[in-house]
Each structure stands twice: as structure tokens, then as C-alpha cells.
Q: 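Sharing a structure here in C-alpha cells format.
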Number of protein chains: 2
Amino acid sequence: MSNELFLIRRDLWVKRVAIGQAGGPTSVINATLVGLVKELMNDYKISFILNGYDGLVHEDIMEGTNEIIKWVVQHEHIPGACLGSGRYLMSENEITGIVNFLKRENINVLVFIGGNGTMEALHKVDLEATRQGYELQVIGLPKTVDNDINYTDHAPGFGSAAKYVAHTTRDLSYDLRSMKNFEQVRIIETMGRNAGWLTAASGFLKKHEEEGPHFIALPERQLSKEKLLDAVESAVSRHGYAIAVVSEGVLWDEGHQVGKTIINNRPVLGGISTEVEKFLSEQLNVEVRSDILGMNQRCFSSLVSEADKKEAYLTGATGGRWIKQEFSSVVVTIQRSDEADYKIQMKPIALKDVAVSGERLMPDYFIDNPKKYYKWLSPIIDGSGITYPNLSPKNGGEKKKLRNN
Amino acid sequence: MSNELFLIRRDLWVKRVAIGQAGGPTSVINATLVGLVKELMNDYKISFILNGYDGLVHEDIMEGTNEIIKWVVQHEHIPGACLGSGRYLMSENEITGIVNFLKRENINVLVFIGGNGTMEALHKVDLEATRQGYELQVIGLPKTVDNDINYTDHAPGFGSAAKYVAHTTRDLSYDLRSMKNFEQVRIIETMGRNAGWLTAASGFLKKHEEEGPHFIALPERQLSKEKLLDAVESAVSRHGYAIAVVSEGVLWDEGHQVGKTIINNRPVLGGISTEVEKFLSEQLNVEVRSDILGMNQRCFSSLVSEADKKEAYLTGATGGRWIKQEFSSVVVTIQRSDEADYKIQMKPIALKDVAVSGERLMPDYFIDNPKKYYKWLSPIIDGSGITYPNLSPKNGGEKKKLRNN
């Protein structure tokens, strides 16, 4: 009897937190979710929002029973967003409706794991709750493969995507070299939209002058046909082949963005590589093909960056601790506290600041100094791993035409 | 003085072996090369043929000095063909020229690592040597990602490619599920030309009914638009999304092969996924996108099958031993000696038989019984690794719409 009473009182007293995932998933977005859930599961009543803001608007919420919590926790190393994600643009009416719903359900804490769009939406819900006088604790947990979130040194999800791009570019370079008598130019298209962090990572493992990439086109700079042509021509004449890496968001210097299609009112990029392929085929007497790295960049679990996965988990766990400490209207960010020895600390940044700051592009000091960028990138993507041998053998390794005796 | 004399006599007496790599490279073709070289390096004079048959025709050969041997051996775990590969169709005159060249150079042994095309060419050189009365020892070492070489249980290179396809399909399935409110259908295009082994491997890791792939199109069977539509429609209506995997070599049941372009007089496939994407977009009111897995299938070194890499090395080492044992005109093949416990043994098969047997398609008993195929495939691609959780949580995991209190 006393037990029952205690349970009822505890149920009334315990705060209720609703957690959602939104935007394009990553290989480690579930690690952040699990870090958060493990931190909160003993002290809070947890509800899971299904399919991002769509689920919040349509009140599609799953209770965090023991079974469900157990199921969620199993996803620590699994790619994709296990709660369902999505890209849903809310109307003002829907935002009002959300706050009414949270009130009715006595949900005291709202957490979303997502990118810039997610943080903007979360900020709007936060403002609406304030306007309605509803005391709602709001926490944003960053994730992105593009690394385009401001106020954080980098965001979980990026390191694993960058590692995939770096490794695959190196492997494709060694592959193309094998076939240079058959085909000479390969265009590799990466994700990245307006920010070039991921595309630039393609050169991280390059150790030898001959090795690709021989040209990298970032969305921060318009793509000069002349420069592209020069770089590819020069690599083909020196080495017999060329690898060019282009971001999906690149613009020709003539000014139009290519390969853009519209899905659910949102521009979806992709296709610049085909256009570059066509251009180079017309200009040069070589065989050109393109590989679009595609969704593997955001979900290839077999080459996750261990550093990234740990930080993703830590981001979630930190969010959980800050919820207990009554933080609100903040985003959990990663700050590099020691450059030389790579140490990080987590820092709360006002949600509003992140929400209004737009996309974080690659700064000029990294674009103009790739070595500096790669040094910065190294701890995030687990360093360089196995070193590949020279493409041409040293010490007498020049190819030698055997003549008649 | 006596040392010098000994060296000269040894040089005259030691047999000379020329080694080349040809056809599309794989992640483990260098492992085969290294296995062979290590077996021979102390007893034979080794020369390396650059860029496949092109190099043999144009007498582009690199002496196996200590430095070069060391450089080659460093490639055991590196993707691509370090000697250079290619696709070169020899004329009859060129074949005659090759044998003249081998004679002149006192090359006694010729080894090529390659696929069906390579074995056909090697057989022609072998016949020409016999016709000219030149005693040439000829050994073929198989490699393929398509697994389309006859008389061998499977060939090195296939296991790693199959592992890549299986893992990426599972990850893409979990990724798409996250985004099913935004897009519903993903087409994955694999390599495979006329043989469906690689494409069929896409379903190997599928453990849950909901998980993709929901449809697999193999080149051995014409693709029925009706069946494709039914499968995709059914998966979307039951689960909210669908993954269809198609081989690049698939034909619609109307009979024409799609997405074929010609590079250096050789048809290069690719593009069926775009056609399937277009078809499904027209027929269904859903968002459809496609991912072409591309060259990563044959060079992604971070997800190599360890079993495959070991067998690739063993294939090369066995070739080396058989050269010492005076075998000639044979291909090194892998035979499964114990089905239940997976044991293999290497068996010599007449080069002629392999060369004239054409491509090895997937047999009906595997196409019609995927479970049987996956059991056969398991030891080749390192088993299934980490098991992913259910896509829908068990025991009360049904999504629950919260209503007003």
C-alpha cells in the first residue's frame, strides 16, 4: 500500500522529457540518443518523438517503457535515426499546436538531435512556449555530416563522414591508377551543400604527389572551368590519370547551381559530377567517369570514426547532465581546449545564437592552407591509419622498356 | 672470384618468370601477387609486366630488383593492381609478337592474375608458344568481383566486394527507414554484368522482414516491371519504404539492356538504377532516389573480407608452388572440400577449359533458394558480424498516438 502511494507520488513528481531526431541521419546520431537516454533513464520519464517534427506536430509519440528504452539503447552502434527522422517544415499554427500539446501532456523538457534546420525549429518552439508562459526546458544536440553548425568546433557525424570520404578517395585513386591505360579521369562527388568541410577531407590521406585528389572543388569558391581543366590536364600528363573531387553544392563560375531537383519542396542537390564529366569529356581526349559517393557518406557503419562516435555519445550524455542541472535554451557544443594535444570540453551555447547564425562555411585559412585543415581534422577522423606505399617504386623503380639483346 | 663465377652460372641457370595483372582490379588482387612473389623470389628471376597485356605487347616490363620486390610486397593490403592493369584486346599479330619477345628475353614462365578475359588471352599466348615450339610454362591466377569464373568454387576478390555490397545495403536500409517520411524508395545499383552473385549478396545481412532489400534484380532473369512494382508497392505500404537492388547488367523483360556506354570499344554498363528510378517515380506517388555503388565495390580496403584476402594470398602462393612443380597451362582454383565446416583445397584446372567455358552465372538452385546461397556465401565474407536490432521495437513497441487527457 505504501509502495503504491510512493509510486503515484513519484510519477507526479518526475519530470517528463520528449526526445526527437531530425534532419538527415548520420552513422552516429543514435550514439547521441543513447548517451542522452542512459543519463536520464533513472530520473526522468522519457517519451520518444517519432519521425522528427512531423511526429511532434501529429502527436506521434512512443512511451519510453523499459522495453522501448532497451530497444533504443541497442542502437548505440547502428546507423540511421532509430526514432525516425525527416525534414518537416512547421507552420506557425503547428508550432502553437505543439506547445499546447506539450502542456497537455505535461512534457517539461524537449530535446532534439539535429542540424541547423532542427535548431531553428527548436528555437521557434522555445519562443512559443515562452510566449504562452509555459515553462519548457529546451536542449539542442548537434549532428551533421556537413559540419555546417556554428559555435561548435565540429559536430558529431562529421568525423565519420569525413573518414569515409578520405578513405574512399584514396582507394579510388589506387584503383584508377591501375586502370589508367583504360580510363584516365574519375570525378568523385561528395555531400556538403554550401560547406566544403567534407569535400576537403577527400585529400586528408594523400601522402604522395602522384596520388589523388588532384583537384578539389568546394562550394565556398565558384568552380573555374579553366582551373579544373588545367589541374586535370596536368595530372593526366604527369601521372596518366586524375581524380577530381567536387561538392554537390558547387557552382560554376558562370553562376548557376547544377543538378538541383526538388523533393518535398526542398532542393536536393546532386549531379554536378555528371556535368563536370561531360565538360571534361568534351575538352580532353580522355575517358572520364564519375562516382557519386551517395548516402554511404552518412551511414557507412563499418568505417565510423571512433573519435566521432565517442563524442556523439558524450554530446548526448552532456545534454542529459545539463537537463538535470536545469540548463535551458542551449545547444551542447564541442570546444577544442588543447590544439596540440587534442582535448575537448563541452560548452553550452544559446540556442538562439545557433539558430540565427546560418551555415558555417569553411574559413579561408583552411581553404588556402589544406595542411592546417588536415592537422585540425586528424584527431576527429582517427588519424591516417595504414600508410600506402609510393605509387611509383623508389630507387630504380622507373619503368624500363626491355630492348632486344 | 669464385663468387662471381657462381653468380654468373646461377643467373644463366635460374628460370625467369614474368608476372602481370589484368582486368578490373579488386581489393585483394595485390595479395595474390604478393603470395606468388614471396613463393618465387628466392628461386626465380622475376619480371613484372606493366599495365596488363598492353605492357606485354609493348614490352613494358620492370625488372624485379630487390628494391622493386620490396615495393611490390608492401602492397599486400593495398587495393588496386600495383603493376597496373587494363583491358587490352590483342590482335593475332601481337600474340605472335609476344611469344617472340618472351623467347628473346628467355622468359620461361608467364603468370597472369585476372578474370575470364585474362584467361582467354593467356590461353591464346599458350597456344602460340606451343605452335612456335617454345617451352613456356603458363599459369593463370583468378580474380574477379563478379564471381563469374568457372571451375572454381569462388574467386578471390568476390568475397570483399560481396561484403561491401551486403554491409552497405543494410546500412542504407537503416538510413532510408529514418527518412521514410521524406523519401520512400531507394534503388541500389551493383556491379555484376551478366552474373548476379554480387547483387544477390545484398540480402545476406537481412535479418528482419521489414529490412531491405525488398527486391533484388539479377541479370540471370529478365526484370519484370510488374514484379518490381508489386514488391516496391507492397514494402512501401507495409513499412513505409522500399529498397530495390539491381545489377548493372539487368535487362527489362522488354529485352533491351540499359545504361550501356562504350569505352575503348568495350561496353561499360551502369545506369539501370536511373531507369528504374524513373519508372517507379512515374508509377508510384513516392519519392525515389538511386545510389550507384560504383568502383568502391572493387577497391574499398576498409571492409575487405579477411577470408577473401587470405584466399587471394593463398592462390598466389599456390601458383608459385605449382610453378616449382612444373605445372603448366593451368588455373589455380578453389574447391570447397567440406561444406559444413568450410574447408578449401586448391586444384589445378586446365587453362583451356576455363578459357572456353564463358561466364559462370548464378545457378537456379541459388537464385530460387537465397537461404542456401547465403549459407554458401557466409564463410567467404566473414559471416554476419554485428547483428542489428529489430527495426520496430518488440513487446509494446507499436507507435502510440497520444490523445488528450
Side-chain angles (χ1 to χ4, degrees), chain A residues 24-25 50-51 54 59-63 65 67-68 71 74-75 77-81 84-88 104-105 167-168 171-172 174-175 177-183 263-264 287 291-292 294-296 298-303 386 388-390 393-397 399-402 404-405, chain B residues 24-25 50-51 54 59-63 65 67-68 71 74-75 77-81 84-88 104-105 167-168 171-172 174-175 177-183 263-264 287 291-292 294-296 298-303 386 388-390 393-397 399-402 404-405:
Chain A
L50 302 178
N51 304 318
D54 190 344
E59 308 181 6
D60 237 353
I61 289 192
M62 184 164 71
E63 288 302 337
T65 60
E67 281 300 325
I68 296 296
W71 176 82
Q74 284 173 344
H75 285 80
H77 308 289
I78 311 298
S85 185
R87 304 187 191 279
Y88 188 85
R104 262 194 335 259
E105 289 292 331
H167 280 256
T168 201
D171 286 346
L172 286 170
Y174 278 73
D175 178 87
R177 172 179 176 268
S178 311
M179 295 299 276
K180 64 184 178 184
N181 280 23
F182 181 68
E183 52 183 319
I263 298 187
N264 294 328
E287 293 297 339
D291 270 344
I292 300 180
M295 299 300 158
N296 275 339
R298 71 181 195 198
C299 69
F300 198 83
S301 65
S302 312
L303 195 68
I386 176 178
Y388 283 19
N390 278 321
K394 270 181 193 161
N395 305 327
K399 73 180 186 182
K400 205 166 100 183
K401 215 158 185 167
L402 288 185
N404 293 352
N405 286 340
Chain B
L50 302 179
N51 304 318
D54 190 343
E59 308 181 6
D60 237 354
I61 288 193
M62 184 164 70
E63 286 304 336
T65 60
E67 281 302 324
I68 295 296
W71 176 82
Q74 284 173 345
H75 286 80
H77 308 290
I78 311 298
S85 184
R87 304 188 191 279
Y88 188 85
R104 261 194 336 260
E105 289 292 330
H167 280 255
T168 202
D171 286 346
L172 286 170
Y174 278 73
D175 178 87
R177 173 181 175 266
S178 312
M179 294 300 276
K180 64 184 178 184
N181 280 22
F182 181 68
E183 53 182 319
I263 298 186
N264 294 329
E287 292 297 339
D291 271 344
I292 300 180
M295 299 301 159
N296 275 339
R298 72 182 194 198
C299 69
F300 198 84
S301 64
S302 311
L303 195 69
I386 177 178
Y388 282 20
N390 278 323
K394 270 181 195 161
N395 306 326
K399 74 180 184 183
K400 206 167 100 183
K401 213 156 186 168
L402 289 184
N404 293 351
N405 285 339

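Below, chains carry the letters A, B, ... as their sequence lines are ordered, and counting in each starts from 1.
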Q: At a heavy-atom separation under 4.5 Å, does A:Asp54 approach chain B through its side chain, its backbone, both, or neither?
A: side chain
Q: Heavy atoms only: give me the nearest B:His77-A:Ile386 pair and the separation to one decimal.
A: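 The pair with the smallest heavy-atom distance is CB-CD1, 4.3 Å.
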Q: Measure A:Asn296 against the heavy atoms of chain B and call it side chain, backbone, both or neither at under 4.5 Å.
A: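 A:Asn296 touches chain B through backbone and side-chain heavy atoms alike.
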Q: Can you measure from CG (A:Asn181) to OH (B:Tyr88) and round to the nearest 0.5 angstrom?
A: 10.0 Å
Q: Compare every heavy atom of B:Met179 with every heavy atom of A:Ser85, then report the nearest pair and how far apart it is.
A: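 In this case the closest contact between A:Ser85 and B:Met179 is CB-SD, 4.0 Å.
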Q: Just so I understand: if I count every heavy-atom pair under 4.5 Å between each of A:Gly294, A:Pro25, A:Gly80 and chain B, which residue has the most?
A: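 Looking at each of A:Gly294, A:Pro25, A:Gly80 in turn, A:Pro25 comes out on top.
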Q: Listed by chain and number, what are the side chain to side chain contact (heavy atoms under 4.5 Å, CB included) partners of A:Ser301, not counting sequence neighbours?
A: A:Pro79, B:Asp171, B:Tyr388
Q: Under 4.5 Å from any heavy atom of chain B, what part of A:Leu303 do you find: side chain, backbone, both or neither?
A: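 Side chain only.
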